[in-house]
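Worksheet: the structure to be examined is printed underneath.
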Amino acid sequence: MDQQREKGGDTNGENSTPKMEGNVPIPRPFMGVKDRRFASFRMVVKGDYLDVESNSLLSDILSKRGDQKLLFADRIMKLSGSGKIKQRAMMITDRAIYLADVDSYALRRRIPLASVDRICLSKLKDNFFALIIPTEYDCLMASTRKTEIVSILVEATKIKPAYEISVVFSNRIEYRSSADTTKIVLFEEIEGGIKTRIINKTYR
């Protein structure tokens with residue numbers, strides 16, 4: 001399997017001068033591996049894109065669980081176990097990841113950072129990322145702010161070596177969509193974009 005694993009380090013590669021093509025900067029690969037869209041390279045980092053402090057339903061989710069340090073909040077797309085795409089409000093604190101319904105803001109899932117073993121991404125210019133959680137089922141999501149999300153999760157666990165999250169790059173990602181189902185995401189660069197296929201893993 002063509003994989004590359006990274007742990008810690010300069011997650012964005014923004015500290016050095018970018019290469020230029022004419023007067024246009026060429027986006028550096030994320031963590032030295034993953035290709036990036038130009039829009040991703042130019043994106044302004046804000047952190048809280050949902051204004052959680054002004055949303056009593058979202059802020060209550062955090063306060064009821066003793067979480068006070070919000071690191072990131074935004075809407076993301078999540079693939080369910082049945083393959084349906086659902087929009088979720090994602091919040092990341094220094095302790096956990098929260099996924100809530102975007103209409104009712106009801107909490108759908110809380111994932112302690114300590115339970116996340118690794119984050120899987122392709123090496124191409126797509127928005128997918130998978131959270132691999134050995135003690136539960138995994139989570140496949142997509143976001144235009146994927147680089148920011150991954151960087152925040154890596155940085156949040158750097159100071160806690162016992163459960164520092166690693167990042168794996170491969171154009172073939174396996175994840176458990178439910179307790180008894182494993183799926184494979186295949187990424188392929190084609191003319192005009194990226195082709196993504198999700199198939200069920202079969203056992204012989």
>> Restricting to salt bridge (charged side-chain N to carboxylate O under 4.0 Å, His left out), what partner residues turn up for Arg108, sequence neighbours left out?
In response: Asp101
Between [atom1] of [X] and [atom2] of [Y], what distance do you get to the nearest 0.5 Å?
X	Y	atom1	atom2	value
Leu99	Ile92	CG	CD1	9.0 Å
Arg145	Asn127	CZ	CG	11.0 Å
Thr196	Glu188	OG1	CD	10.0 Å
Ile198	Leu186	CD1	CG	9.5 Å
Met77	Thr144	CE	OG1	11.0 Å
Phe187	Ser170	CZ	OG	9.0 Å

Is the side chain of [X] donor-acceptor paired with the backbone N or O of [Y] at a distance under 3.5 Å, no angle test?
X	Y	result
Lys183	Gly81	yes
Thr93	Ala96	yes
Asp138	Arg176	yes
Arg95	Gly66	yes
Ser115	Ile111	no
Thr157	Val154	yes
Thr181	Ser177	no

For [X] versus [Y], what's the shortest heavy-atom pair and its separation?
X	Y	answer
Ser122	Asn171	CB-OD1, 3.5 Å
Asn55	Leu58	OD1-N, 3.1 Å
Met90	Leu50	O-CD1, 4.2 Å
Arg118	Ile165	CA-CG2, 4.0 Å
Leu57	Ser104	CD1-O, 3.8 Å
Asp48	Glu53	OD2-N, 4.2 Å

>> How about CD on Gln87, more than 12 heavy atoms from neighbouring residues, nucleotides or ligands closer than 6.0 Å, or not?
In response: yes
> Do other residues, nucleotides or ligands put more than 12 heavy atoms under 6.0 Å from Ile85 CD1?
Replying inline: no
Hydrophobic cluster identity match, [X] and [Y], side-chain contacts under 4.5 Å:
X	Y	answer
Ile152	Ile76	yes
Val150	Ile133	yes
Leu70	Leu113	no

>> Whether Lys146 and Glu148 form a salt bridge (side-chain N of Lys/Arg under 4.0 Å from carboxylate O of Asp/Glu) is what I want to check.
In response: no
Do [X] and [Y] come close enough that some side-chain heavy atom pair is under 4.5 Å?
X	Y	result
Arg65	Tyr98	yes
Arg109	Tyr137	yes
Ile184	Arg172	yes

>> Applying the side chain to side chain contact (heavy atoms under 4.5 Å, CB included) criterion to Met141, which one of Leu131, Leu79, Ile97, Ile149 satisfies it?
In response: Leu131
>> Going by ring pair (Phe, Tyr, Trp, His ring centres under 6.0 Å), name the residues that satisfy it together with Phe72, two or more places apart in sequence or in a different chain.
In response: Tyr49
> Do Lys158 and Glu164 pass the salt bridge (Lys or Arg N to Asp or Glu O under 4.0 Å) test, and can you show the C-alpha distance, the side-chain angles, and the key distance before you say yes or no?
Replying inline: CA-CA 5 Å; Lys158 256 186 181 181; Glu164 184 178 352; over 6 Å; no
>> Working note: Met91 + Val52, criterion side-chain contact (heavy atoms from CB on, under 4.5 Å); need CA distance, chi angles, decisive distance, verdict.
In response: CA-CA 9 Å; Met91 295 184 290; Val52 172; 3.9 Å; yes
>> Before you tell me yes or no, could you show the steps for Ser143 and Phe129 under side-chain contact (heavy atoms from CB on, under 4.5 Å), namely the whole-Å CA-CA distance, both residues' side-chain angles and the distance that decides it to 0.1 Å?
In response: CA-CA 8 Å; Ser143 170; Phe129 62 101; 4.2 Å; yes
>> With side-chain contact (heavy atoms from CB on, under 4.5 Å) as the criterion, how do Asp126 and Leu121 come out once you've worked through the C-alpha distance, each side chain's angles and the decisive distance to 0.1 Å?
In response: CA-CA 9 Å; Asp126 61 89; Leu121 306 95; over 6 Å; no
>> Set out, in order, the CA-CA distance, both residues' side-chain angles and the distance that settles side-chain contact (heavy atoms from CB on, under 4.5 Å) for Leu153 and Val116, then state yes or no.
In response: CA-CA 10 Å; Leu153 289 173; Val116 181; over 6 Å; no
>> Could you check whether Asp60 and Tyr105, counting side-chain N and O atoms only, form a donor-acceptor pair closer than 3.5 Å?
In response: no
